[in-house]
Peer 1: 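The structure's right below; bear with me while I get my questions together.
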Number of protein chains: 2
Amino acid sequence: MTVGIRDVARAAGVSTATVSRALGKGPVSEALRAQVDAAVRATGYRPNLSARRLRSQTTQTVGLIVADIRNPFFTAVSRAVEDAAYGAGMRVILCNTDEDAAREALYLRLMEEERVSGVIFAPTRTTAEALGPGDLPFPTVFIDRAGPPGLHDSIVLDNAGASAALVDHLVARGYSRIGGLFGSTSSTARERRDGYAAAMARHGLEAQARAVLPQAEAAEMAAAAWFEGPERPDALVLSNGQMLMGAFRAARGRGLRIPSDLALAGFDNEPWTDLVDPGLTVIEQPVAEIGTQAMRLLFERIANPDQPVRKVTLSGRAIFRGSTGAA
Amino acid sequence: MTVGIRDVARAAGVSTATVSRALGKGPVSEALRAQVDAAVRATGYRPNLSARRLRSQTTQTVGLIVADIRNPFFTAVSRAVEDAAYGAGMRVILCNTDEDAAREALYLRLMEEERVSGVIFAPTRTTAEALGPGDLPFPTVFIDRAGPPGLHDSIVLDNAGASAALVDHLVARGYSRIGGLFGSTSSTARERRDGYAAAMARHGLEAQARAVLPQAEAAEMAAAAWFEGPERPDALVLSNGQMLMGAFRAARGRGLRIPSDLALAGFDNEPWTDLVDPGLTVIEQPVAEIGTQAMRLLFERIANPDQPVRKVTLSGRAIFRGSTGAA
DNA sequence: ACAAGCACTGAAAACGTTTTCACAAAACGT
DNA sequence: ACGTTTTGTGAAAACGTTTTCAGTGCTTGT
């Protein structure tokens, strides 16, 4: 029924070995290569990738495991990863964990079964801390979030520095009751919280940090409760773009005026953040670069498994807008 | 080196056939099944999916081909598709075509080589019109956009009706120089344009439609040029959420007041559309349902290849906001 | 008690490629 | 002109599973 390499071989009058070599990069004379090409076209042959992978023991596939593709940060990173992968003739298996360690374990097992060439992984803190030396039997690059210390390549943001920059800016604009609402699941959120706390201490201010699931709804509820409570902050730092959106919603719902009643600052320069009124002060992350660099690190690790572990730290870019009383 | 099914068989003291059956759903006695489970645990065996696919001739994989995952519409649909797929033990191969017919052809070929069980596809108009009866050698469900007429299952929006609803609303609010800026690449954009034109005609108004690439930047430039020109509209209908964002940017850049100088209405209830001031009137699409229904149609088609072609038409929900002078 | 069926198991074939191996012919160095 | 390499080719093995086929031992119905 379906046409295989032996049909092509028969049509071209050569052996299957020659067809395979003509399609790949083996040494084949020009004459035979032309015959094979013609036979491929005539038969409409499509190589069976499962068979190829089984025999060649290389899948040309990478896994990409993130919390939720609907978070625009991961959307953008994923797109960059996919472009780089397809550009290099590789496929991507995308998995959404929803910050759930059980699903992370499930997908890591799937990656083993797929015999992926490598994995790009943004883990929860739980998983990152539980992972030991031999637990990932494939090259792995951690992105956005730290993996187990010292074991794998990674590419992260200078989270503490970025948080501190936001706090410094808020203090300079005259805010003092600066609260921080951070994600509860990632090392990144924790680093942002620590950077916030350190900067607050440096300014002699009392840090007020809370943690929730890093999603818009959870942040909206937490922020709303905070605004109702006895210690209403005059500024709020949010740990990512989704939470920033939640906080903005909560402020609007309470009728708070920004930036006079409340300043807002956060992470991720999502396209809408300069569309609202006032625009929101954010730390822009180099999303495309994170994706392409992650693939680069992974390729190099695959090519050279024993090279020393590398950690790439990128800087965010602060964009000051009206939500913190800036221009 | 790597542990295979024969190692498990040896460890369990049974044949590979029995291991395979114990792991699958074959008939195996309880005693042996327990031995096999123990051996699997002891050896840390991970089945090789490439080998399984090759032998069993079923890949349990579906392709998902969309224009750009960064478009929140496709992001949400993709997430729903992936959830449904993984929930049924299938994998997803995601491809971004950037509205490019050449890349569509490339990825369709890839789907053949992967021997996917089926494909979910949002094609450009070019490709949809070029596709003949035998061109897709796998079950295919078209989403968001029409495929070749009558050949495949599909799930689309009532685009013309939704457009007309927007026009009717704008007319009721007193607007009359209502322009339409639509995507140039999809049947969907064309249907929205036609629905717009028909509604305008019904109201005795002159339709003014333009078409550009369905992206924020292109729409912003086109809208800006339109606002500068001699025939500035007093309302604009946009063909998707990205273009709506572009038009909103252009209006703000020109200092136009919404809704007094200009009304804005479009498609896709993206999270930011009710965050800007004024909120934007949109047609909300049932994104999650589109994704899950697409997978359902695909599963049913795979299970029963010869059943009649089905076309599911979903209705959008109009959400009237300040950008059209609504409450 | 015996034929017929049933439930379970193992040996071996099969899936569609790539790769190894052996070898013939051509090219090369002296 | 003669070994020695190089180049190109085909036959067959190999990749790691699932599935077919042919039992074997039990149960069942009569």
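Being a predicted model, the structure only gives us computed values, none of them experimental. Below, chains carry the letters A, B, ... as their sequence lines are ordered, and counting in each starts from 1.
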Peer 1: What side-chain donor-acceptor pairs closer than 3.5 Å can you find for residues 133-141 of chain B, not counting sequence neighbours?
Peer 2:
residue: B:Asp135; atom: OD2; partner: B:Gly132; partner atom: N; Å: 2.7
residue: B:Thr140; atom: OG1; partner: B:Phe138; partner atom: O; Å: 3.0

Peer 1: Determine which nucleotide pairs with C:dT30, using a 3.5 Å limit on both distances of a Watson-Crick or G-U wobble pair.
Peer 2: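 Paired with C:dT30, as far as the under-3.5 Å criterion goes, is D:dA1.
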
Peer 1: In terms of side-chain heavy atoms, does A:Thr127 have a donor or acceptor partner in A:Glu104 at a distance below 3.5 Å?
Peer 2: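 Side chains of A:Thr127 and A:Glu104: pair found under 3.5 Å.
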
Peer 1: How does each nucleotide of nucleotides 14-22 of chain C score, in 5' to 3' order, for protein heavy atoms under 4.0 Å: base (B), sugar-phosphate only (S), or none (-)?
Peer 2: BBBBBBB--

Peer 1: Sort and list the pairs that fulfil ring-ring contact (aromatic ring centres under 6.0 Å, His included) and have at least one residue in residues 43-91 of chain B, not counting sequence neighbours.
Peer 2: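 Those involving residues 43-91 of chain B are A:Tyr107-B:Tyr86.
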
Peer 1: Could you tell me whether A:Glu300 and A:Arg296 have a side-chain N and a carboxylate O separated by less than 4.0 Å?
Peer 2: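 So A:Glu300 pairs with A:Arg296 through a salt bridge.
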
Peer 1: Shorter than 3.5 Å, N or O on both sides, protein versus nucleotides 5-8 of chain C: list them out with atom names.
Peer 2:
none

Peer 1: So do A:Lys311 and A:Asp153 actually touch side chain to side chain, heavy atoms under 4.5 Å?
Peer 2: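 Result no, sub-4.5 Å side-chain heavy-atom pair not found.
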
Peer 1: Using residues 19-42 of chain B as the side-chain source, report each donor-acceptor pair under 3.5 Å to any protein atom, sequence neighbours left out, with the distance given to one decimal.
Peer 2:
residue: B:Ser29; atom: OG; partner: B:Leu32; partner atom: N; Å: 3.4
residue: B:Arg33; atom: NH1; partner: B:Ala22; partner atom: O; Å: 3.1
residue: B:Arg33; atom: NH2; partner: B:Gly26; partner atom: O; Å: 3.4

Peer 1: Using the side chain to side chain contact (heavy atoms under 4.5 Å, CB included) rule, pick out the option among A:Leu106, A:Ile65, A:Leu64 that qualifies with A:Met111.
Peer 2: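 Among A:Leu106, A:Ile65, A:Leu64, the one meeting side chain to side chain contact (heavy atoms under 4.5 Å, CB included) with A:Met111 is A:Ile65.
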
Peer 1: Residues two or more places apart in sequence or in another chain: which of them pass salt bridge (Lys or Arg N to Asp or Glu O under 4.0 Å) with B:Arg46?
Peer 2: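 Scan of B:Arg46 (salt bridge (Lys or Arg N to Asp or Glu O under 4.0 Å), adjacent residues dropped) gives A:Glu112.
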
